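The structure appears right after this line, and notes come after that.
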Amino acid sequence: MAPQLKNPELLRTKPFINGEWVESKSTKTFDVVDPATEEVIATLPDQTPEEIDHAIQITKDAFDSYKKTNVVDRSRWLRNWYDLMLENLDDLATLITMENGKCLNDALGEVKYAASYFEWFSEEAKRNYGHTIQPANSNNKIITYKQPVGVVGLLCPFNFPAAMGARKAAPALAVGCTCIMKPDAQTPLTALAMAHLADKAGFPKGVFNVVLSSVESTPVCGTKFCESPLIKKVSFTGSTPVGKLLMKQLSLTLKKLLMELGGNAPIVVFEDAKLDQAVEQAIASKFRSLGQTCVCANRIYVQAGIYDEFCLRFAEKVKAFKIGNGFEKGVTHGCLINTRAIDKVEEHVRDAVGKGAEILVEGGRLSDLGKHFYSPYVLGKATKEMKCFGEETFGPLAAIARFETQEEVVAECNDTPFGLAAYVFLESLNRVWQVSEALETGMVSVNSGIFTDAALPFGGVKESGFGREGSLYGMDDYTVVKLISLGNVYG
Ligand code: SIN
């Protein structure tokens with residue numbers, strides 16, 4: 001059912017190191033499986049720890065010359081990469097749907113979103129400004145500028161096989177860092193296709209490298225990234241427990257770190273919200289990639305006066321979803337990445353129903369379609385005692401709670417160790433400000449369920465991580481401020 005690639009050169013099955021598709025000496029391999037059909041799409045080498053070390057060394061060697069490159073060249077290579085992503089839009093989207101299971105429309109959107117980071121940072125590359133500062137002693141002058149931090153290790157997740165890598169690589173390359181990327185073992189083909197395009201875009205050899213590790217070998221590869229003295233920064237998107245582990249490992253070499261971790265995003269719908277808009281946008285947020293994004297709504301709070309009507313309209317719309325193979329016409333939602341994802345949804349449903357949640361839409365496994373297909377649940381009367389409100393479900397379960405007052409709902413929203421995104425739906429301008437300011441999250445989206453963009457600073461607070469990706473702040477994480485103090489200027 002999956003379409004053939006128009007450009008077969010994009011299907012790569014070897015690590016990309018120093019501008020070459022290298023032959024691994026590893027005796028181990030791993031399969032990349034289409035989660036929809038359960039067919040093996042490709043078999044890749046599971047690189048040895050020595051090969052990872054070698055790739056890190058290559059990335060370091062490349063840094064020594066790349067850091068001296070001209071910003072105009074770096075900007076042009078990024079712009080070329082952007083153009084090439086769009087020229088190969090259909091093929092890249094095909095690879096994403098094939099290895100991730102999301103529907104083709106979402107995959108097309110993801111490729112454009114990923115490419116927009118290359119476009120954005122091709123422009124920002126030229127704006128890596130420093131300051132001039134007057135110290136207390138007027139005989140001295142201070143200037144600061146930003147230097148690339150060095151080699152960066154990029155650890156990428158399965159849920160956005162193109163966009164998460166692009167969001168990390170683009171600012172790093174813009175400022176003069178070199179990159180070694182490890183894609184998720186379930187979705188490495190998109191990253192390899194992007195490496196092919198990076199090569200075509202003109203980046204010098206060794207500047208952008210992709211190493212390959214199976215699920216089982218991922219901890220070893222992650223440890224290599226964290227412990228290597230040659231890597232000066234690690235950028236990780238993934239779960240909070242893995243983030244905590246990486247942080248421990250990183251302490252040995254005290255590297256810079258960017259962490260984009262789990263969320264537990266609340267959606268708050270006040271009585272003055274435009275109801276249809278709130279329903280539609282809450283669904284867009286909750287069920288984007290079937291709930292497998294860090295910013296997906298995890299808890300939905302609806303004010304008492306509109307609770308019943310909201311639930312009714314929300315449930316009606318969810319019942320109209322068409323779940324199926326992401327390549328099939330008319331399919332609105334594809335499948336989940338693996339059976340562990342489904343097990344977690346089921347555990348949360350069981351727990352919530354056992355604690356009194358009301359089933360508004362009955363979901364469940366769609367075994368006729370395949371073992372990774374699951375139709376969404378919508379539950380009402382959710383409470384904070386339920387796992388689906390305390391932990392990130394990362395799957396197709398929407399749980400809705402009723403609230404009475406602003407104070408009560410803000411306190412509930414903040415009663416979590418996580419703080420990535422929050423959504424509020426309302427018309428009162430003052431309340432927009434009051435609630436947005438009070439919510440303990442890195443990002444608040446007002447009256448929209450889909451808000452991310454290369455121009456905005458993406459990132460969290462609390463145990464959702466630190467550092468910001470994208471935007472005018474996005475390059476800061478890949479630079480260090482260099483101070484030069486000119487003394488005795490007037491003798
Ligand atoms: C994420 O889930 O971490 C990324 C979502 C986005 O960038 O839109």
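Both counts, for ligands and for their atoms, begin at 1 and track the order of listing. This is a predicted model, so every value here is computed, not measured.
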Handout entry: Electrostatic pair Glu119-Arg79, nearest N-O below 4.0 angstrom
Key = yes
Practice task
Hey, can you tell me if Phe314 and Phe287 have their rings parallel, tilted or perpendicular (30° and 60° cut-offs)?
Solution key: tilted
Problem - Salt-bridge contact Arg468-Asp476 (side-chain N to carboxylate O under 4.0 Å) - result: no
Could you list the donor-acceptor pairs under 3.5 angstrom formed by side chains in residues 432-439, with sequence neighbours left out?
unit_1, atom_1, unit_2, atom_2, d
Gln434, OE1, Gln406, NE2, 3.0
Ser436, OG, Val432, O, 2.6

Completion exercise
Sorted by chain and residue number, the residues with a non-hydrogen atom under 4.0 Å of ligand 1 are Tyr113, Asn159, Phe160, Met164, Arg167, Glu260, Arg288, Thr293, Cys294, Val295, Thr452, Phe458
Problem - Heavy atoms from other residues, nucleotides or ligands near NZ of Lys274 exceed 12 (cutoff 6.0 Å) - result: no
Handout entry: Under-4.0 Å salt bridge between Glu463 and Lys244
Key = yes
